[in-house]
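Take a look at the structure set out below.
Numbers for residues simply follow the sequence, beginning at 1. Worth knowing before you read on, the calculation uses all heavy atoms, side chains too, and leaves out hydrogens, waters and symmetry mates.
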Amino acid sequence: MNMMKTTMLLAALTALFMVMGFSLGGPRGAILAFMVAAGMNLFTYWNADKIVLKMHNAVEVDASSHPEFYGMVQRLAQRAGLPMPKVYIVDQAQPNAFATGRDPEHSAVAATTGLLNMLSHDEVEGVMAHELGHVKNRDTLIMTMVATIAGAVSMLANFGMFFRSNRGLAGILAVLVAPFAAMIVQMAISRTREFGADKSAAKISGKPLALASALAKISSEAQHIRNPVAERNPAAAQLYIVPSGVKQMFSTHPPTEDRIAALQDMAGAFGGGGTDSWSSRPDEVGDMSGLRKRSALDPRGPR
């Protein structure tokens, strides 16, 4: 079922790309757009993780360079029954995280230095469990491919606004409407998947309230801290655990308040009257000083 949805959604985005091509160059433009879309699909299938990681200038870390963070991801992957993903850190002030890769055997997870510096140990664990939930649910391929193709549709539309041949009202509508249609397809992809990844995270970490607390903090901070990557390519916003700078009607994620409420319900189902076994007190969350005192991207390495 997941593969069928993926195929249908990619076909819809490819069709949008062809409509754009036709509006700009007629039948030849549509054929060229189809060839470009097919090539993009193949290229992003094999290189989805490389595209996203390079876009963010992500730096890979390991047990030697960042033992606390790497060890956390390793433990969570074992609990989830997943192969160990590659682990990356993005030197960026906005707190956020994402996962990418075509399948669990070729996956990668990344967190920003802003996130690692701001959250407690258990909150970081909840966030990374969410990203591993996307890997386990095989969301990462389609999310990355759709972000790439939707970004291309938007760029083609911008190009068409300046260089469109005179094709009347139909051509103008195609140029203006196609990017919004691509965004609607993105919304259909991501909203339910976020709830699924949150549910998987609660099972993997056993601490749904830690993730709920992390979502509240990230949502609050991400709104007023710049994300240069999302500013350059708004389609990339769907990759993050909490998107920023996106109007609600065009958001690829459900409202953060709804996600927090769902996690609180999960905590109640787990027992303990809606609480789980985590605390934000520094003496109880474990030593994450390597994450907070110095970025792993610092040439001197973590303390």
Side-chain angles (χ1 to χ4, degrees), residues 49 52 56 58 69-70 72-90 94-101 104 107-112 114-116 118-144 147 189-222 236-244 251-267 269-270 276-278 280 285 288 291:
D49 54 343
V52 172
H56 289 84
F69 183 46
Y70 186 88
M72 172 190 288
V73 175
Q74 188 173 46
R75 290 190 298 273
L76 291 171
Q78 290 173 349
R79 291 182 202 170
L82 291 169
M84 180 62 188
K86 292 183 178 180
V87 182
Y88 290 81
I89 293 181
V90 178
Q94 186 187 90
N96 236 311
F98 62 87
T100 187
S107 62
V109 294
T112 66
L115 182 138
L116 298 178
M118 185 183 73
L119 302 184
S120 72
H121 180 284
D122 282 18
E123 289 167 343
V124 174
E125 190 175 65
V127 169
M128 301 319 296
H130 171 94
E131 300 308 331
L132 289 173
H134 278 308
V135 174
K136 190 176 182 67
N137 298 339
R138 295 181 177 267
D139 298 335
T140 53
L141 173 63
I142 182 62
M143 290 167 66
T144 306
I189 292 170
S190 295
R191 284 180 175 251
T192 58
R193 290 175 188 255
E194 292 306 316
F195 281 119
D198 287 344
K199 184 176 181 179
S200 295
K203 293 179 179 178
I204 293 169
S205 69
K207 304 170 185 176
L209 291 184
L211 176 57
S213 176
L215 290 175
K217 290 182 180 180
I218 295 170
S219 180
S220 174
E221 294 297 321
Q238 66 147 336
L239 298 171
Y240 306 126
I241 186 169
V242 175
S244 61
S251 176
T252 60
H253 289 48
T256 303
E257 294 80 4
D258 293 350
R259 296 170 65 186
I260 291 174
L263 287 164
Q264 290 171 338
D265 290 342
M266 290 179 211
F270 283 2
D276 52 12
S277 58
W278 74 282
S280 60
V285 298
M288 295 293 281
L291 301 181

Is any side-chain heavy atom of [X] closer than 4.5 Å to a side-chain heavy atom of [Y]?
{"X": "Q94", "Y": "T112", "answer": "no"}
{"X": "H130", "Y": "E194", "answer": "yes"}
{"X": "L76", "Y": "R79", "answer": "yes"}
{"X": "F98", "Y": "V90", "answer": "yes"}
{"X": "N137", "Y": "S200", "answer": "yes"}

Say whether, by atom type as modelled, one donor and one acceptor occur between the side chain of [X] and the main chain of [Y] under 3.5 angstrom.
{"X": "K136", "Y": "A80", "answer": "yes"}
{"X": "H56", "Y": "V52", "answer": "yes"}
{"X": "N96", "Y": "I241", "answer": "yes"}
{"X": "S205", "Y": "E125", "answer": "no"}

Minimum heavy-atom separation for [X] and [Y], please, with both atom names.
{"X": "G126", "Y": "L211", "result": "O-CD1, 3.6 Å"}
{"X": "A77", "Y": "P83", "result": "CB-O, 4.2 Å"}
{"X": "V109", "Y": "P85", "result": "CG2-CG, 4.2 Å"}
{"X": "H121", "Y": "M72", "result": "O-CE, 3.5 Å"}
{"X": "A111", "Y": "L116", "result": "CB-CD2, 4.1 Å"}
{"X": "V242", "Y": "S219", "result": "CG1-CA, 3.9 Å"}

Interatomic distance, [X] atom [atom1] to [Y] atom [atom2] [nearest 0.5 angstrom]:
{"X": "K199", "Y": "L263", "atom1": "NZ", "atom2": "CG", "result": "11.5 Å"}
{"X": "T140", "Y": "L132", "atom1": "OG1", "atom2": "CG", "result": "10.5 Å"}
{"X": "H134", "Y": "E131", "atom1": "NE2", "atom2": "CD", "result": "5.5 Å"}
{"X": "R259", "Y": "Q264", "atom1": "CZ", "atom2": "CD", "result": "13.5 Å"}
{"X": "L115", "Y": "Y240", "atom1": "CG", "atom2": "OH", "result": "12.5 Å"}

Practice prompt. Would you mind telling me which of L215, D265, L209, D198 makes a side-chain contact (heavy atoms from CB on, under 4.5 Å) with I260?
Written response: L215
Worksheet item: Will you find, in the side chains of S213 and E123, an N or O donor that is under 3.5 Å from an N or O acceptor?
Response: yes
